[in-house]
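Note that the structure is predicted; figures quoted are calculated from it, not measured.
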Amino acid sequence: MENTQKQLEEVIAKYELEIQRIQAYTEIQNLMGKYETYRFTPKGMSKTYELFALWRDDCTLEVSDGNIVYGAEGIRAYYQNTPPNDGIGSALFDTLASPCIQVAGDCKTAKATWASPGLGTGKLPDQGHMSCWCWGKYAIDFIRNPETGEWRIWHFHWYRIIRNDYHMSFSEFMEYEDSGEYERNNPGLAEIRKGPGTSTLPPIF
């Protein structure tokens with residue numbers, strides 16, 4: 001009888017964990033949906049750091065070819081200083097496509113990727129607005145808060161695939177950008193692309 005009871009308890013625990021792993025899929029999707037919603041406006045952008053695992057010193061953020069940002073204070077500063085910051089005609093619109101989410105067997109961590117076609121518009125330092133297409137891919141590790149059970153972003157990486165002005169093809173724009181002419185014609189971009197650690201204006205894509 002004791003063996004039967006023990007086996008039953010083990011089966012129940014196994015399926016309870018499986019249910020948690022299934023629920024984690026939805027919770028992680030919603031977390032990233034909130035991330036994209038926050039990023040849409042300058043006001044929301046400043047709150048984005050709240051979605052990260054701020055209790056961990058090994059929490060990291062890396063966007064495109066910018067520097068790696070470490071820890072709660074660095075990530076908070078990154079999103080609170082990220083353009084666009086004028087609030088008028090500024091927005092980042094990224095999408096989450098083709099999700100691939102793997103939740104660890106113990107339901108404590110997870111990893112995921114999303115393809116992300118998007119666009120953006122914002123104000124350059126001392127200049128007018130710019131608008132561009134930007135497509136890339138998210139590759140993110142997630143961790144569950146041991147106290148609250150909430151999922152948070154642990155290691156974040158955004159891989160840029162293409163970025164180009166709306167009126168040019170991405171292949172033409174790449175040649176234009178590689179030549180250095182684009183930054184010469186838009187000097188405000190130089191500050192944005194330095195990244196955190198060398199500028200207060202980190203790269204947005």
Applying side chain to side chain donor-acceptor pair (under 3.5 Å), name anything that partners [X], two or more places apart in sequence or on another chain.
| X | value |
| --- | --- |
| E73 | R76 |
| W135 | none |
| Y38 | none |

Output a table of donor-acceptor pairs, distance under 3.5 Å, between side-chain atoms of residues 139-157 and any protein atom two or more places apart or on a different chain; print 'none' if there are none.
{"from": "D141", "atom 1": "OD2", "to": "H155", "atom 2": "ND1", "distance (Å)": "3.1"}
{"from": "R144", "atom 1": "NE", "to": "G149", "atom 2": "O", "distance (Å)": "3.1"}
{"from": "R144", "atom 1": "NH1", "to": "Q20", "atom 2": "OE1", "distance (Å)": "3.2"}
{"from": "R144", "atom 1": "NH1", "to": "C107", "atom 2": "O", "distance (Å)": "3.4"}
{"from": "N145", "atom 1": "OD1", "to": "E147", "atom 2": "N", "distance (Å)": "2.8"}
{"from": "N145", "atom 1": "OD1", "to": "T148", "atom 2": "N", "distance (Å)": "3.3"}
{"from": "T148", "atom 1": "OG1", "to": "E150", "atom 2": "N", "distance (Å)": "3.2"}
{"from": "T148", "atom 1": "OG1", "to": "E150", "atom 2": "OE1", "distance (Å)": "3.4"}
{"from": "W151", "atom 1": "NE1", "to": "E27", "atom 2": "OE1", "distance (Å)": "3.2"}
{"from": "R152", "atom 1": "NE", "to": "E50", "atom 2": "O", "distance (Å)": "3.3"}
{"from": "W154", "atom 1": "NE1", "to": "D58", "atom 2": "OD1", "distance (Å)": "3.2"}
{"from": "W154", "atom 1": "NE1", "to": "D58", "atom 2": "OD2", "distance (Å)": "3.4"}
{"from": "H155", "atom 1": "NE2", "to": "D58", "atom 2": "O", "distance (Å)": "3.1"}
{"from": "H157", "atom 1": "ND1", "to": "E62", "atom 2": "OE1", "distance (Å)": "3.1"}

If the condition is side chain to side chain contact (heavy atoms under 4.5 Å, CB included), which residues does S169 pass it with, not counting sequence neighbours?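 If we apply the side chain to side chain contact (heavy atoms under 4.5 Å, CB included) test to S169, skipping adjacent residues, the hits are S171, E172.
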Identify the two heavy atoms, one from [X] and one from [Y], that lie closest to each other, and give their separation to 0.1 Å.
| X | Y | result |
| --- | --- | --- |
| G33 | L96 | N-CD1, 3.9 Å |
| Q80 | Y49 | NE2-CE2, 3.6 Å |
| D94 | S116 | CB-OG, 3.6 Å |

Hey, does [Y] have a side-chain heavy atom less than 4.5 Å from the side chain of [X]?
| X | Y | answer |
| --- | --- | --- |
| W114 | M32 | yes |
| L31 | L51 | yes |
| W158 | C134 | yes |
| V63 | L61 | yes |
| C132 | N164 | no |

Measure the NZ-OH distance between K47 and Y79 for me, rounded to the nearest 0.5 Å. 14.5 Å
Rounded to the nearest 0.5 Å, what's the gap from NZ on K34 to CD on Q29? Could you check? 14.5 Å
Run the side chain to side chain contact (heavy atoms under 4.5 Å, CB included) test on R163 and W133 for me, step by step, so that the C-alpha distance in whole Å, both residues' side-chain angles and the decisive distance to 0.1 Å come before the verdict. CA-CA 6 Å; R163 181 188 62 209; W133 301 112; over 6 Å; no
Using links of under 4.5 Å between side-chain heavy atoms of ILVMFWY residues, direct or through other members, which residues join L17 in one cluster? none
List, by chain and then residue number, the residues other than I22 in its hydrophobic cluster (Ile/Leu/Val/Met/Phe/Trp/Tyr, side-chain heavy atoms under 4.5 Å); write none if there are no others. none
What pairs meet the side chain to side chain donor-acceptor pair (under 3.5 Å) rule with one or both residues in residues 97-113, with sequence neighbours excluded? none
Ring centres under 6.0 Å, that's the criterion: do Y70 and Y78 meet it? no
Is a donor on one side and an acceptor on the other found under 3.5 Å between the side chain of T95 and the backbone of P117? yes
Exam field: side chain R21 to backbone V103, donor-acceptor pair closer than 3.5 Å: yes
Using 30° and 60° as the class limits, which term best fits the ring planes of Y138 and Y35: parallel, tilted or perpendicular? perpendicular
Go through the structure and list residues passing salt bridge (charged side-chain N to carboxylate O under 4.0 Å, His left out) with E16, not counting sequence neighbours.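 Counting only residues at least two positions away or on another chain, E16 forms no salt bridge (charged side-chain N to carboxylate O under 4.0 Å, His left out).
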